[in-house]
Amino acid sequence: MCQQFVGGQFSSTNVFAQLEATAQGAGIGVLPAFLAQRAQLRRLLADEIDIRLPITLAVRREAVTHPAVRALSAALRQEVAERSAELIPG
C-alpha cells in the first residue's frame, strides 16, 4: 500500500484508503460506485464523467487451464453479471 501526503494532497494506490479519505472530507475521490454507495457518498458529475475500468484476473500462464482457476473465473464472471447494476450505476 502506497500512501503519501504531498503539498497538502493525499495520494494512495489503495482504494480503501481513498474511500476513507474521501469519506473523512479530504476532497473528491474517484471510487468504484458500489463502494461510494455503501459509504453513503454522493456521486458528482454523473452526466459528465463515466469512468469504467476492466476487472482482471491474473494467473500464471501455466495455471490458466487448471480446473480450479477455470471454476473461479466462471464464478467471478457470474457474480459480476449478477451485480452489474451495483457495479455500473444507471
Enumerate the salt bridge (charged side-chain N to carboxylate O under 4.0 Å, His left out) contacts for residues 62-78, please, sequence neighbours excluded, ordered by first and then second residue.
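Residue pairs passing salt bridge (charged side-chain N to carboxylate O under 4.0 Å, His left out), neighbours aside: R60-E62.
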Nearest 0.5 Å please: distance from the [atom1] atom of [X] over to the [atom2] atom of [Y].
X: R52; Y: L87; atom1: CZ; atom2: CG; result: 11.0 Å
X: D50; Y: I88; atom1: CG; atom2: CD1; result: 8.5 Å
X: E20; Y: L35; atom1: CD; atom2: CG; result: 12.0 Å

Which atom of [X] lies closest to which atom of [Y], heavy atoms considered:
X: I49; Y: R43; value: O-NH2, 4.0 Å
X: Q18; Y: V30; value: OE1-O, 3.9 Å
X: Q37; Y: E86; value: OE1-O, 4.1 Å
X: S73; Y: L57; value: CB-CD2, 3.8 Å
X: L41; Y: A23; value: CD2-CA, 3.9 Å
X: T22; Y: G29; value: OG1-CA, 3.5 Å

Please indicate whether I28 has more than 12 foreign heavy atoms, meaning atoms of other residues, nucleotides or ligands, lying under 6.0 Å from its CD1.
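Open: at most 12 neighbouring heavy atoms sit under 6.0 Å from CD1 of I28.
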[X] with [Y], same ILVMFWY side-chain cluster at under 4.5 Å:
X: F34; Y: L76; value: no
X: L53; Y: L45; value: yes
X: V80; Y: V69; value: no
X: L19; Y: I55; value: yes

